[in-house]
Amino acid sequence: MANSGSVACCPALFLSAPASGSGKTTITACLARLLHRHGKRVRVFKFGPDYLDPQILERGSKAPVVQLDLWMAGEEWCKQQIYRAVTEGKADFVLVEGAMGLYDGNDCSADLAAKFGIPVAL
């Protein structure tokens, strides 16, 4: 992640599925909790506007969850949030949970993963 000429880096994974109701939140929260239990500082992001999922993800990661939305907030704001999590939040690992299916909608989960070079796990 580049920001004002500086670079921040840590492992990241984008968790997605072919459709809604596939267990993305459960898997993401469990993975966040596992990493946390192993002493890692995990920062979790939820793609798209959502009310309930971020609350579940916060329980798993033990850290605040930021929602990323390319359409509502823009690419630069999303990039800045991930950068801040790595630099200010001292993240050891970043997880991003997608919304709906990987290719559902305009500015879909796949778009965000591609823009930021985050590998996708289905």
Atom of [X], atom of [Y] and distance for their closest heavy-atom approach:
{"X": "Ile82", "Y": "Phe45", "answer": "CA-CZ, 3.8 Å"}
{"X": "Gly101", "Y": "Ser16", "answer": "C-OG, 4.3 Å"}
{"X": "Phe47", "Y": "Ala99", "answer": "O-CB, 3.3 Å"}
{"X": "Cys9", "Y": "Val86", "answer": "N-CG1, 3.9 Å"}

Quick one: [atom1] on [X] to [atom2] on [Y], what's the gap to the nearest 0.5 Å?
{"X": "Lys79", "Y": "Gln81", "atom1": "NZ", "atom2": "CD", "answer": "13.0 Å"}
{"X": "Ser22", "Y": "Leu15", "atom1": "OG", "atom2": "CG", "answer": "12.0 Å"}
{"X": "Ser61", "Y": "Leu95", "atom1": "OG", "atom2": "CG", "answer": "8.5 Å"}
{"X": "Arg43", "Y": "Arg84", "atom1": "CZ", "atom2": "CZ", "answer": "11.5 Å"}

Shared hydrophobic cluster, [X] / [Y] (ILVMFWY, side-chain heavy atoms < 4.5 Å):
{"X": "Val94", "Y": "Leu68", "value": "yes"}
{"X": "Leu13", "Y": "Val65", "value": "yes"}
{"X": "Val66", "Y": "Ile118", "value": "yes"}

For the backbone of [Y] and the side chain of [X], can you confirm whether one donor and one acceptor N or O come within less than 3.5 Å of each other?
{"X": "Gln67", "Y": "Asp50", "value": "yes"}
{"X": "Lys40", "Y": "Arg37", "value": "no"}
{"X": "Lys46", "Y": "Val96", "value": "no"}

Is there a side-chain contact between Asp69 and Trp77 (heavy atoms, below 4.5 Å)? no

If the condition is salt bridge (Lys or Arg N to Asp or Glu O under 4.0 Å), which residues does Glu58 pass it with, not counting sequence neighbours?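 By the salt bridge (Lys or Arg N to Asp or Glu O under 4.0 Å) rule, Glu58 matches no residue at all.
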
Partners meeting salt bridge (Lys or Arg N to Asp or Glu O under 4.0 Å) with Asp92 (sequence neighbours left out):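 Asp92 satisfies salt bridge (Lys or Arg N to Asp or Glu O under 4.0 Å) with Arg41 only.
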
Please name all residues satisfying side-chain contact (heavy atoms from CB on, under 4.5 Å) with Glu75, sequence neighbours left out, ordered by chain then number. Leu70, Lys115, Phe116

Partner residues of Ala110 under the side-chain contact (heavy atoms from CB on, under 4.5 Å) criterion, sequence neighbours left out: Leu102, Tyr103, Cys108

Do any side-chain atoms of residues 24-35 form donor-acceptor pairs under 3.5 angstrom with protein atoms, and if so which ones, sequence neighbours left out?
unit_1 : atom_1 : unit_2 : atom_2 : d
Lys24  : NZ     : Met100 : O      : 3.0
Thr25  : OG1    : Asp53  : OD1    : 3.3
Thr25  : OG1    : Asp53  : OD2    : 3.0
Thr25  : OG1    : Glu97  : OE1    : 3.2
Thr25  : OG1    : Glu97  : OE2    : 2.7
Thr28  : OG1    : Lys24  : O      : 2.7
Arg33  : NE     : Gly60  : O      : 3.3
Arg33  : NH2    : Arg59  : O      : 2.3

Hey, what else clusters with Trp71 if you join Ile, Leu, Val, Met, Phe, Trp, Tyr whenever side-chain heavy atoms sit under 4.5 Å?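 Once heavy-atom contacts under 4.5 Å are chained together, Trp71 belongs with Met72.
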
